[in-house]
*Asks:* 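Quick one: the structure is below, questions incoming.
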Amino acid sequence: LCNGVTNIGSYTFAICVSLKEIRIPEGVTNIGEMAFFACQDLASVAIPDSVVSIGRAAFSSCTSLTSVTIPNSVTRIGKRAFQKCHALSSITIPENVTKIEGQTFGNCTALISITIPRNVTEIAGWAFYSCKALTSVTIQEGVTRIGEMAFGDCRALTSVTIPQSVMKIGQWAFSNDQLTVKCLPTSPPSPSSPAPFILKKLYVPASSVDSYKKAWEGAYKDIIFPL
């Protein structure tokens, strides 16, 4: 791309199946929706510090994309932005992002670990659905809401800690029958349904064991243990 470009419009490079590498020049502030959708050979992307917004499905179905560094200048990543990037094994979420939109990293089947930065307040539904290689999830204090199926079908994830700041958890936000969850809030987070988890064990603050056993219609009363 030439210097002087400030916006990559919607669908600009969509389905350019032979595109292997792209250098986005400094000065670009916006990557539009589906800008690189289904560029199946695209393996490398350099995003400059000038970019503030990545649109809906901008890199969705870039199945050869192995890694991408998103600069801290980015404040918004749209829905499905990296969905079905099957080769994507690592991603850094910028510190200035405040919400992980729905399906943003869904079906990134090679993604191994993810850290949710402290400025994020919401992880929307299906955000990391079916990230089957995901073994490590770090959710920092500040997140207040985790949407339905946000980490559903993450089959390799065996443990996760939910920080004290979380107040709402959607249906089956975490679903793996081998999963151990440490839930730090002293009051059980409000669910959108009686079943926020499919899991093996749930550890909660010792002073809150009774309230957790009564929560969610008693669905987890036999697998709740004190921290």
Side-chain angles (χ1 to χ4, degrees), residues 38 40 43 57 59-68 70 77-93 97 99-117 120 122-140 143 145-163 166 168-185 188-189 191-204 212 215-225 227:
Q40 295 177 357
F59 295 94
S60 178
S61 299
C62 292
T63 53
S64 297
L65 189 64
T66 56
S67 67
V68 59
I70 306 172
I77 303 173
K79 291 182 179 180
R80 301 197 295 277
F82 294 93
Q83 185 187 36
K84 297 183 181 178
C85 290
H86 296 310
L88 188 64
S89 60
S90 66
I91 190 81
T92 300
I93 298 172
V97 168
K99 180 180 179 180
I100 310 297
E101 298 280 358
Q103 304 177 57
T104 301
F105 301 101
N107 294 99
C108 289
T109 51
L111 190 64
I112 296 170
S113 67
I114 194 72
T115 295
I116 309 299
V120 170
E122 180 177 357
I123 304 169
W126 306 78
F128 296 92
Y129 176 77
S130 203
C131 291
K132 292 185 171 70
L134 192 63
T135 58
S136 174
V137 172
T138 301
I139 305 173
Q140 306 227 31
V143 172
R145 185 184 184 110
I146 302 173
E148 64 176 349
M149 297 297 286
F151 295 91
D153 197 36
C154 292
R155 301 177 188 180
L157 187 64
T158 57
S159 66
V160 69
T161 297
I162 297 173
V166 171
K168 291 186 177 182
I169 301 178
Q171 184 175 17
W172 296 334
F174 299 89
S175 57
N176 178 357
D177 59 10
Q178 297 302 308
L179 180 66
T180 294
V181 172
K182 294 180 180 178
C183 199
L184 301 185
S192 60
S193 80
F197 308 112
I198 296 174
L199 78 173
K200 185 177 182 180
K201 292 181 179 180
L202 177 61
Y203 287 89
V204 304
Y212 271 87
W216 307 314
E217 298 181 5
Y220 307 104
K221 59 184 176 62
D222 295 328
I223 54 171
I224 289 175
F225 305 93
L227 284 166

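These numbers come from the heavy atoms of this one structure, side chains and all, not from hydrogens, waters or symmetry mates. Positions are given from 1, in the same order as the sequence printed here.
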*Asks:* Do you know the tightest heavy-atom contact between Leu88 and Cys108?
*Replies:*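 Heavy atoms of Leu88 and Cys108 come nearest at CD2-SG, 4.3 Å.
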
*Asks:* Ignoring hydrogens and geometry, is there a side-chain-to-backbone donor-acceptor pair from Thr63 to His86 under 3.5 Å?
*Replies:*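 Not confirmed, Thr63 side chain does not pair with His86 backbone.
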
*Asks:* Using side-chain heavy atoms (C-beta onward) and a distance below 4.5 Å, is Ile70 in contact with Thr92?
*Replies:*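 Answer no - side chains too far apart.
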
*Asks:* So, the side chain of Thr104 versus the backbone of Ala127: is there a donor-acceptor pair under 3.5 Å, distance only?
*Replies:*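 Here the side-chain-to-backbone pair does not exist.
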
*Asks:* Compare every heavy atom of Ala124 with every heavy atom of Ala150, then report the nearest pair and how far apart it is.
*Replies:*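 Taking every non-hydrogen atom into account, CB-O, 3.8 Å.
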
*Asks:* To the closest 0.5 Å, what do you measure between OG1 (Thr180) and CD1 (Ile223)?
*Replies:*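 Output value for this atom pair is 9.0 Å.
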
*Asks:* Any side-chain to backbone donor/acceptor pair from Thr66 onto Ala87? Under 3.5 Å, distance only.
*Replies:*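 No; judged by distance alone, with no hydrogens or angles, the pair does not exist.
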
*Asks:* Kindly indicate whether the side chain of Ile77, heavy atoms from C-beta on, has any atom under 4.5 Å from the side chain of Glu101.
*Replies:*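 With C-beta onward as the side chain, the pair stays apart.
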
*Asks:* Testing the basics here: between Leu111 and Cys131, what is the closest heavy-atom pair and its distance to 0.1 Å?
*Replies:*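 Closest pair (atom of Leu111, atom of Cys131, distance): CD2-SG, 4.4 Å.
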
*Asks:* Out of Trp126, Phe82, Tyr129, which residue meets the ring pair (Phe, Tyr, Trp, His ring centres under 6.0 Å) rule with Phe105?
*Replies:*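 When Trp126, Phe82, Tyr129 are each tested with Phe105, the ring pair (Phe, Tyr, Trp, His ring centres under 6.0 Å) holds only for Phe82.
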
*Asks:* Can you see which heavy atom on Gln40 is nearest to which on Ser64, and at what distance?
*Replies:*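 Closest approach of Gln40 to Ser64: O-OG, 2.6 Å.
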
*Asks:* Given side chains that start at C-beta, do those of Phe174 and Ile162 come closer than 4.5 Å, heavy atoms only?
*Replies:*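 A side-chain contact under 4.5 Å exists here.
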
*Asks:* Looking at Lys201, I'd like to know if its NZ atom is crowded, meaning that more than 12 non-hydrogen atoms belonging to other residues, nucleotides or ligands lie closer than 6.0 Å.
*Replies:*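 Counting neighbours around NZ of Lys201, 12 or fewer heavy atoms of other residues, nucleotides or ligands fall under 6.0 Å, so no.
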
*Asks:* Just verifying a value: how many Å separate Leu202 CG and Ile224 CD1, rounded to the nearest 0.5 Å?
*Replies:*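 If I round to the nearest 0.5 Å, the distance is 5.0 Å.
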
*Asks:* To the closest 0.5 Å, what do you measure between CG (Leu199) and CG (Leu157)?
*Replies:*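 Atom-to-atom, Leu199:CG and Leu157:CG are 11.0 Å apart.
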
*Asks:* Heavy-atom distance under 4.5 Å between the side chains of Val97 and Pro117, does that happen here?
*Replies:*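 In short, these two side chains do not touch, never coming nearer than 4.5 Å.
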
*Asks:* Which atom names give the shortest non-hydrogen contact between Asp153 and Ser130, and what distance separates them?
*Replies:*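 Looking at all heavy atoms of both residues, the shortest contact is OD2-OG, 2.9 Å.
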
*Asks:* To the closest 0.5 Å, what do you measure between OG (Ser159) and NZ (Lys200)?
*Replies:*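 It comes to 12.0 Å.
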
*Asks:* I'd like to know if the side chain of Tyr220 reaches the main chain of Phe197, judged simply by a donor and an acceptor atom lying under 3.5 Å from each other, with no hydrogens or angles considered.
*Replies:*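 Judged by distance alone, yes, a pair lies under 3.5 Å.
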
*Asks:* Looking at Glu217, I want to see if its CD is surrounded by more than 12 non-hydrogen atoms of other residues, nucleotides or ligands under 6.0 Å.
*Replies:*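 For Glu217, atom CD is not crowded (no more than 12 foreign heavy atoms under 6.0 Å).
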
*Asks:* Can you check whether Leu179 reaches Ile198 side chain to side chain, under 4.5 Å on heavy atoms?
*Replies:*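 No. Closest side-chain heavy atoms not under 4.5 Å.
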
*Asks:* Supply the atom-to-atom distance Ile169 CD1 to Ile123 CD1, rounded to the nearest 0.5 angstrom.
*Replies:*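 Ile169 atom CD1 to Ile123 atom CD1 measures 10.0 Å (nearest 0.5 Å).
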
*Asks:* Counting C-beta onward and ignoring hydrogens, is there a side-chain heavy-atom pair between Lys79 and Gln103 closer than 4.5 Å?
*Replies:*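 The answer is no; the side chains never approach within 4.5 Å.
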
*Asks:* On the 0 to 90° scale, with breaks at 30° and 60°, tag the Phe128-Phe151 ring pair as parallel, tilted or perpendicular.
*Replies:*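 Taking Phe151 first and then Phe128, their aromatic rings lie parallel (interplane angle under 30°).
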
*Asks:* Could you report the tightest heavy-atom contact between Pro189 and Tyr212, atom names first, then the distance?
*Replies:*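 Smallest interatomic distance, heavy atoms only, reads CD-OH, 3.7 Å.
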
*Asks:* What distance separates Ile114 CD1 from Ile93 CD1, expressed to the nearest 0.5 Å?
*Replies:*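 So the CD1 of Ile114 and the CD1 of Ile93 are separated by 4.0 Å.
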
